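Each remark here refers to the structure printed beneath this line.
All of these numbers come straight from a predicted model, not from anything done at the bench. Chain naming here is simple, since letters A, B, ... match the order of the sequence lines and numbering starts at 1 in each.
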Amino acid sequence: MSDIGITVKKSEDFSEWYTQVILKSELADYAPVKGCMIFREHSYAIWEKIQEIFNAKIKRTGHRNVYFPMFIPESFLKKEAEHFQGFIPQVAWVTVGGDSQLEEKLAIRPTSETIMYSTYAKWIRSWRDLPIKLNQWNSVVRWETESTRLFLRTREFLWQEGHTAHATKEEADQEVKEILDAYKDVIENYLAVPVLIGKKTEREKFAGALYTTALEAMMPDGKALQMGTSHQLGQNFSKVFNIKFLDKNEKERYVWQTSWGFSTRMIGAMVMLHGDDKGLMLPPKVAPIQVVIIPIPYKGVDAKVIQSRAREIHERLQKSTISVVLDDRAEYTPGWKFNAWELKGVPIRIEIGPRDVKKKQVTLARRDTSERIALKEDDVVNEVTKLLEEIQSNLFNRAKKSLEESIATVETYDEFKEIFRKKGGFIRACWCSNSACEEKIKDETGATIRTVPLEKEKIFSKCVYCGEEAKEVVYFAKAY
RNA sequence: GGGGCUGUCGGCUAGCUUGGUCUAGGCUUGGAGACUUGGGCUCUCUAGACCCCGGUUCAAAUCCGGGCAGCCCCA
């Protein structure tokens, strides 16, 4: 075993394992600037898949893509006080252009509410102009000073941000929910990452929002990772940016708005959740390469026959919708290739050797179970298609099971602390809805309320901290 | 926000405590070739490094200061 592969076990040194998987599978690399990363072909291809899937979904529901500039005048950012307070510590500024000092410094967007909404004010006059449902794929900069992690926390990251304006609160509520459902579909059914869905508390909500909904996943090290957020902004921004319209009754009204986003950090979640000691394990639906074919020639046996069989199978799969690569490089041994492609997370490997040729079969190897299956050549396309689906659901089911196992229900604060310290995960507890208790728990344990279920769960005890009457069941965890 | 650790060929590292044959060693990778191919084969040849800036000293990979970058722990 050389250093080409992963040299630590996921279960023994999770942090080191995570870094190695990303670097060695060539998903990403470090950039020369602190906290910045390079998305290499492998991770960018995954991101493109995600874009494809999500674009199709939101376009079906009337959203369109746009691009707004990355520079935001300071005065714009300051208009909504809460928003400004929330982002100011992390904003990177441009103060000089060429050799002249700028009159007003420009923020490099940490998010685009302000620049987009100042423009929405121009575009919206009448109820006929509504709704506006725009999305953009871009990068944002948040100048993290704490330690940064590849994909999870970087100073610049890729994301999509959707920004809508509606005539009524109900419509905006509906939009928040619709996007939340779209996110759930992408994250669970494509990335195979199961999530808890709910609202954020006042303390955790987006700066400037009326309320925030979010999707939270649980990582193998017991920490929760936020996979996406969808905010009801109310009229907070429309009032400060003066986004008004005349309704059908000729009455002037402020619009109701939403914003929502998910970022490349979800790729990090996928890596952590599905990867193993051999490296990456990609869910078939987002894997840039779903199948790799490795011919196994022997000297003395007719190598040409094996080559041509491999090509034939390759062609057959290419004609279907399966994304397939034929690795017929002579310089590497089959064993070397097995390891290399497993490291990259390819879901299915097809081996074709003398034994297979003789029996008119191919040998399939599953990345998720390491199982080897012999298949009749003629069944390849059908069987591979079926198997890809099976691997997809196997990955999700496994992760779902571990999510469920990570949730511990507690009634007392002692239990809370004990379980939280020992294994992390989600702690399900009753809460009095008082921010003071939430704050104390965070100070004393580091756990925050990750989510308040949308459909209230049945109260089963007093508030876990203060012992007063509880108002809701919530999920605590340490956050990434 | 606080504390700690680290930085040597592309990767992993030896050397640093006690400055001096270090002209920086090994493994791996990269390049050329041979031999092979059902789990990272083997052999030959070859290329490749002391993070940056400053200081101490006859002499710095080694000691000191600063910077940059990475990692860990606590809040």
| task | Take the protein atom CZ of R309(A) and the nucleotide atom C1' of G38(B), then report the distance between them rounded to whole Å. | result | 17 Å
| query | Between F237(A) and Y117(A), does the ring centre distance come in under 6.0 Å? | reply | yes
| said: Taking G30(B) as the reference, what is the distance to C12(B) when you measure between their C1' atoms (whole Å, please)? | reply: 15 Å
| request: Using the C1' atoms only, state how far A60(B) lies from G54(B), rounded to an integer number of Å. | output: 13 Å
| said: Between P on G1(B) and CD on Q90(A), what's the gap in Å once rounded to a whole number? | reply: 10 Å
| query | Who passes side chain to side chain contact (heavy atoms under 4.5 Å, CB included) against K34(A), sequence neighbours left out? | reply | R155(A)
| said: OP1 or OP2 of C71(B) versus the side-chain N and O atoms of Y30(A): is any pair under 4.0 Å? | reply: yes
| query | When the C1' atoms of C27(B) and G67(B) are considered, how many whole Å apart are they? | reply | 33 Å
| request: Would you mind classifying the nucleic acid contact of D443(A) as base, sugar-phosphate or nothing, using non-hydrogen atoms under 4.0 angstrom? | output: sugar-phosphate
Find every protein N or O atom lying less than 3.5 Å from an N or O atom of nucleotides 33-37 of chain B, and list the pairs.
{"unit_1": "U36(B)", "atom_1": "OP2", "unit_2": "K299(A)", "atom_2": "NZ", "d": "3.1"}
{"unit_1": "U37(B)", "atom_1": "O2'", "unit_2": "P297(A)", "atom_2": "O", "d": "3.2"}

| Does U18(B) have a Watson-Crick or wobble partner in any strand here, with both distances under 3.5 angstrom, and which is it? | none
| remark: Any strand, both distances under 3.5 Å, Watson-Crick or G-U wobble: G70(B) pairs with C5(B)
| said: Under a 4.0 Å threshold between the charged nitrogen and the carboxylate oxygen, would E468(A) count as salt-bridged to K462(A)? | reply: no
| Separation of the P atoms in C53(B) and A61(B), to the nearest angstrom | 13 Å
| task | Select from K34(A) and K278(A) the residue whose nearest nucleotide in RNA chain B is closer to the 5' end of that strand. | result | K278(A)
| query | F460(A): what forms a ring pair (Phe, Tyr, Trp, His ring centres under 6.0 Å) with it, not counting sequence neighbours? | reply | none
| request: Report the distance from atom CG of L343(A) to atom C1' of G39(B), rounded to the nearest whole Å. | output: 14 Å
| Span that lies between the C1' atom of G19(B) and that of U56(B), in whole angstrom | 11 Å
| said: Please determine whether any donor N or O and acceptor N or O are separated by less than 3.5 Å between the side chain of R349(A) and the base of G38(B). | reply: no
| remark: Taken in chain and number order and not counting sequence neighbours, the residues that satisfy side chain to side chain contact (heavy atoms under 4.5 Å, CB included) with K386(A) are E383(A)
| remark: With sequence neighbours left out, the residues meeting ring pair (Phe, Tyr, Trp, His ring centres under 6.0 Å) with W17(A) are F14(A)
| Any N/O donor-acceptor pair, R372(A) side-chain to G39(B) base, under 3.5 Å | yes
| remark: From CG of N339(A) across to P of G38(B) the rounded distance in Å is 12 Å
| Whole-Å distance between G10(B) P and Q20(A) CD? | 19 Å
| request: Could you please name the partner base of A34(B), counting Watson-Crick and G-U wobble pairs only when both distances are under 3.5 Å? | output: U42(B)
| remark: In short, side-chain hydrogen bond (donor to acceptor under 3.5 Å, both in side chains) pairs touching residues 79-95 of chain A with sequence neighbours left out are Q90(A)-E144(A)
| Upstream residue (5' side of RNA chain B) when K478(A) and A340(A) are each assigned their closest nucleotide | A340(A)
| field | Cationic N near anionic O, under 4.0 Å, K376(A) to D378(A) | value | no
| With a 4.0 Å cut-off on heavy atoms, is E342(A) in touch with a base, just the backbone sugar-phosphate, or nothing at all? | base
| task | Could you measure between the two C1' atoms, the one in A14(B) and the one in G31(B), and give it in whole Å? | result | 25 Å
| message | Rounding to an integer number of angstrom, what distance separates C43(B) and C58(B) when you compare their P atoms? | response | 49 Å
| query | Whole Å only: how far is the NZ atom of K359(A) from the C1' atom of G38(B)? | reply | 12 Å
| message | Which nucleotide, if any, forms a Watson-Crick or G-U wobble pair with G65(B), using both distances under 3.5 Å? | response | C53(B)
| Any idea which of G39(B), G70(B), G38(B) is nearest the P354(A) side chain? | G38(B)
| task | Classify the nucleic acid contact of T363(A) as base, sugar-phosphate or nothing, counting any heavy atom under 4.0 Å across all strands shown. | result | base
| message | Whole angstroms only, please: what is the CG-P distance between L364(A) and G39(B)? | response | 17 Å
| field | Integer angstrom distance from the P of C73(B) to that of U37(B) | value | 47 Å
| field | Check: F416(A) ring centre within less than 6.0 Å of F476(A) ring centre | value | yes
